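In what follows, a structure is listed as C-alpha cells, so that the remarks can point back to it.
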Amino acid sequence: MLAVAAPLLGLATPAASAAQVRPADCVVTVPDGGECGVLTVPEYRAEPGGRSIELPYVLVRSEHPAEPPLVFVNGGPGSGSLQLAGYFSYGLGLRETRDVVVLEQRGGARATPSLDCPGAAAAMADAFTTTDDPYDEFEPAAIAMRDCLDAFAAAGGDPRGYTVAETALDLRDLREALGYDSWSAYGLSWSTQVMAELARVDPAGVDAVVLDSFSAPDRDFAATAYEGLELSLDRLGERSGGDFPDPYADLLAAADLLDADPVEVQGHNPVTGQPRTFRLTGDDLVTFVHAALYDVELLPVVPYLLDRLAGGHTGALSTLVDVGVEELTGHTLGQYWTMQCQDEVAYRRAGAGRASPLIEWLVADEVVCAELGLASPPLPPAPVAFTQPALVLAGAEDPVTPAPVADDASAGLADRRFLEFAGVGHAVLLNSACGRETIVAWLADPGRDVADLCDRSTPAYAVVGAGDLHPTTRVAQAGLAAGDGDWLAVALPAAFALLCVGWLALWLAPVVTGRGRGGATLVAGVAPLAGTAFLLAAGGVLWSAASTLPTRLVVGVPPALPWLGLLLLAGPVGVALGLRRASARGRVLLAAAGLLWLAFAAWFLVIVLLPS
C-alpha cells in the first residue's frame, strides 16, 4: 500500500535493489586476501529503465571473522577509495577479526562511467596564474565543466544520479549482493554524510557508524570553512608559547601585502604538467594556507610561515603553491562539482563566498554551479538522524569541518561519543596514532567508553618556535627541484661532495701506507678533513630535522647548519698551504679544487646563510 501511495503523496522510497556483483580485475594493488569485483547498480534509481553503472570494490576477507564487516568510502567527493583497503585491513589490523570492504564512489576516476574532467581541473589550476577577480578567474573552469557534463549527458549519463542519497543506496545494495546481514560503516569528511544516510535508510544493515571529520549536511559548509580557518590558526597561536600570538592576524597582514604587490612564483600545472607562472594575491594565499592546514605535518610550521610572510619574506610561497594547487586538483573535480552542486552549494549562506579575504575554492563552487544549473532538492538537508551507535572524531585544528561544529551538529544522535584530537587537522584516521587506536577499540565494542584509551590532548608535533630555525626556504626549494628531476639545483653540492671524498681518499692513501711526509702530509689533509666533516655534520643535522618533522625544512633549517659553514674556511687555507709544496701538476689540481670549493661556499652563502 505504501509503495502504491508513495508517488501520490510525494514520498521518497528507495527503489528495490537491481544490483549485481561480479569478480573483476584489480585496478589497484590489493593486500593479501584481497578480492576485486564490480558492483552494477542503476545510475538513477528514480528513472525506470535507465542505464546501469559499474563501481569497483575491494573485499579483504578475514581468516577468522568474529565481528561484522567494515565498509568504507572515501571523502571528497571525488577522492579514490580502493587504495585504502590495505590501510584498514592490515594498517589497523581489522582483518584479524572482520572483513573489510572498500567501494569506489559513483562517478569516480575508477568507476564506469567516470566524471573525470581533466579540462576543468587544468583550468582550476590555471586560475591562479592571474590577478583578476576570483569570480572571473574560475569562469574557464566552469565552462570546461559545462562542456564535460554536456558530453557526459550526450553519452547517456544522468547527472541526477550523482548524490549522497544514491551513493548511500549503492552501499545498501552492495551489502545485500555480498550476502552480509549487517556491517559497520566508516565515513571520512564528505562520506560521513553518505554513512549517516546509509544508517538511516538501511537501519537493520548497519550496526555502528564512525563519522571522521564530520561534514554536517544541515550546516553551511562555506561558513564553517571560514570559521574553521580562523579557529585552526587561533589554536596554533595558543600552542606557540607566545612566539606567534595571532597567526590569523599575520595571515590578513600577509594577504594585504600580496594584494598591494602580487608575487610571481614559478611552478607547473599538476594536471597538464606544463610550466606556469602563478601570480599570487591575498585571496590565493588564504586559499593555499587553508589547504595546508589539512596536513598534520604542515600545521606546526604555519604560524612561523605566516609570521615571515607578514614581514614581507615570500620565499616559502613556491612550496605553498605546490601544496595548495595539488590539494585543489588532486581529486575527480567533475564528480565533485556534479555532486556538490546538487546536494550542498545551493544551501550555503548567501554571500559567504564574498568574505574578505576569500577561500577561492568556495568561489569556484559558486561559479561552476551557476554555470551547470543542476537542480537541488526543494528543502535544505536535515540534521543527521539515526539510532545506531556513532563515534564522531574531530581534529582540534581542522580548518574545514571544525570540531565545535561537528560536536554541535552530531549532538542529537541517540547513541554518540564525540572525541577531539589535539594537533590534528582533517582526517583523524590518517593523522593520529591515538585516533587509530581509538577507532579499532571502539569498533570492537561500540558500547565501550574509549575517551581515555590514549592521550588525545598532546599533539604529535609541537608548533615550530621563532628561534627553532634559521629562516631560509632555498634549501627546500633546491631539494624539491631535484625531486622533480632538476638536478642542476643540487649540482654544486654533489660536485663538492665528490671533491671532498676523492681528496680525502688521495690524502689517506700515503698516510695508511706510511709514505707520508710528516707535517706536509698533515697540512695537505686540512681541506679534505674539514670538507668531509662539514658534509657529515650537515647531513646529520638535516637528517635529524627531517626525521623529526620534515615540513619545517620548508621554512628554515636548524640553527646549527649555518655555523657549520665555518668549516668551509679551511678549504682556501688548505689550498694555499698545499700550493707551496705541490708540483706544477699538483698546483693545477689544487687550483681547480679551490675554485670548486669557493663556488660551493658561495652557493652555501646564498642558499643557506641569507634569509629568505
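As the structure is a computational prediction, the values presented were derived from the model and not from experiment.
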Are any side-chain N or O atoms of [X] and backbone N or O atoms of [Y], one a donor and one an acceptor, separated by less than 3.5 Å?
X    : Y    : value
T192 : L188 : no
N269 : A125 : no
R51  : P42  : no
S79  : N74  : no
N431 : V424 : no
Q388 : A199 : yes
E397 : G425 : no
S376 : E344 : no
E43  : D158 : yes
S184 : V209 : no

| query | Mind checking whether H290 and W361 have parallel, tilted or perpendicular rings, split at 30° and 60°? | reply | tilted
| said: Parallel, tilted or perpendicular: which one describes the rings of H331 and Y336, with boundaries at 30° and 60°? | reply: perpendicular
Any [X] side-chain heavy atom under 4.5 Å of [Y] side chain:
X    : Y    : value
V73  : Q105 : yes
F214 : T401 : no
L92  : L443 : no
Y180 : V101 : yes
Y57  : E35  : no
D126 : R276 : yes
P217 : V384 : yes
Y87  : R436 : yes

Looking at every heavy atom in both [X] and [Y], which two are closest together, and how far apart are they?
X    : Y    : result
D173 : A19  : CB-CB, 3.5 Å
L298 : A292 : CB-O, 3.5 Å
A255 : L285 : N-CD2, 3.8 Å
P69  : S182 : CD-O, 3.4 Å

| field | Face-on cation placement of R98 at F72 ring, 6.0 Å and 45° thresholds | value | no
| Sole candidate of V30, V60, L59 that passes side chain to side chain contact (heavy atoms under 4.5 Å, CB included) when paired with S89 | V60
| task | Evaluate the side chain to side chain contact (heavy atoms under 4.5 Å, CB included) criterion for residues D295 and T551: first the C-alpha distance (whole Å), next the side-chain angles of each, then the deciding distance (0.1 Å), finally the verdict. | result | CA-CA 10 Å; D295 191 328; T551 51; 5.5 Å; no
| Reference residue E54; test side-chain hydrogen bond (donor to acceptor under 3.5 Å, both in side chains); the match among R106, R22, R110 | R22
Say you draw a straight line from [atom1] of [X] to [atom2] of [Y]; how long is it, rounded to the nearest 0.5 Å?
X    : Y    : atom1 : atom2 : answer
M145 : F138 : CE    : CZ    : 15.0 Å
L174 : L198 : CG    : CG    : 10.0 Å
F418 : D408 : CZ    : CG    : 10.0 Å
L55  : L39  : CG    : CG    : 5.5 Å
L231 : T224 : CG    : OG1   : 11.5 Å
L299 : L293 : CG    : CG    : 5.5 Å

| task | Evaluate the criterion side chain to side chain contact (heavy atoms under 4.5 Å, CB included) for residue pair F288 and V325; output intermediate values, then yes/no. | result | CA-CA 8 Å; F288 295 150; V325 176; 3.8 Å; yes
Considering only NZ, NE, NH1 and NH2 on the basic side and carboxylate oxygens on the acidic side, decide whether [X] and [Y] come within less than 4.0 Å.
X    : Y    : value
R279 : D132 : no
R416 : D407 : yes
E366 : R348 : no

| request: For the pair F221 and D365, evaluate side chain to side chain contact (heavy atoms under 4.5 Å, CB included) and give the outcome as yes or no after the intermediate values. | output: CA-CA 11 Å; F221 190 69; D365 290 354; 5.8 Å; no
| message | Given R175, which partner from the list D202, D207, D181 fulfils the salt bridge (Lys or Arg N to Asp or Glu O under 4.0 Å) test? | response | D202
| field | Any donor-acceptor N or O pair under 3.5 Å, side chains D284, T281 | value | yes
| query | Is a side-chain donor-acceptor pair under 3.5 Å present for E264 with T277? | reply | no
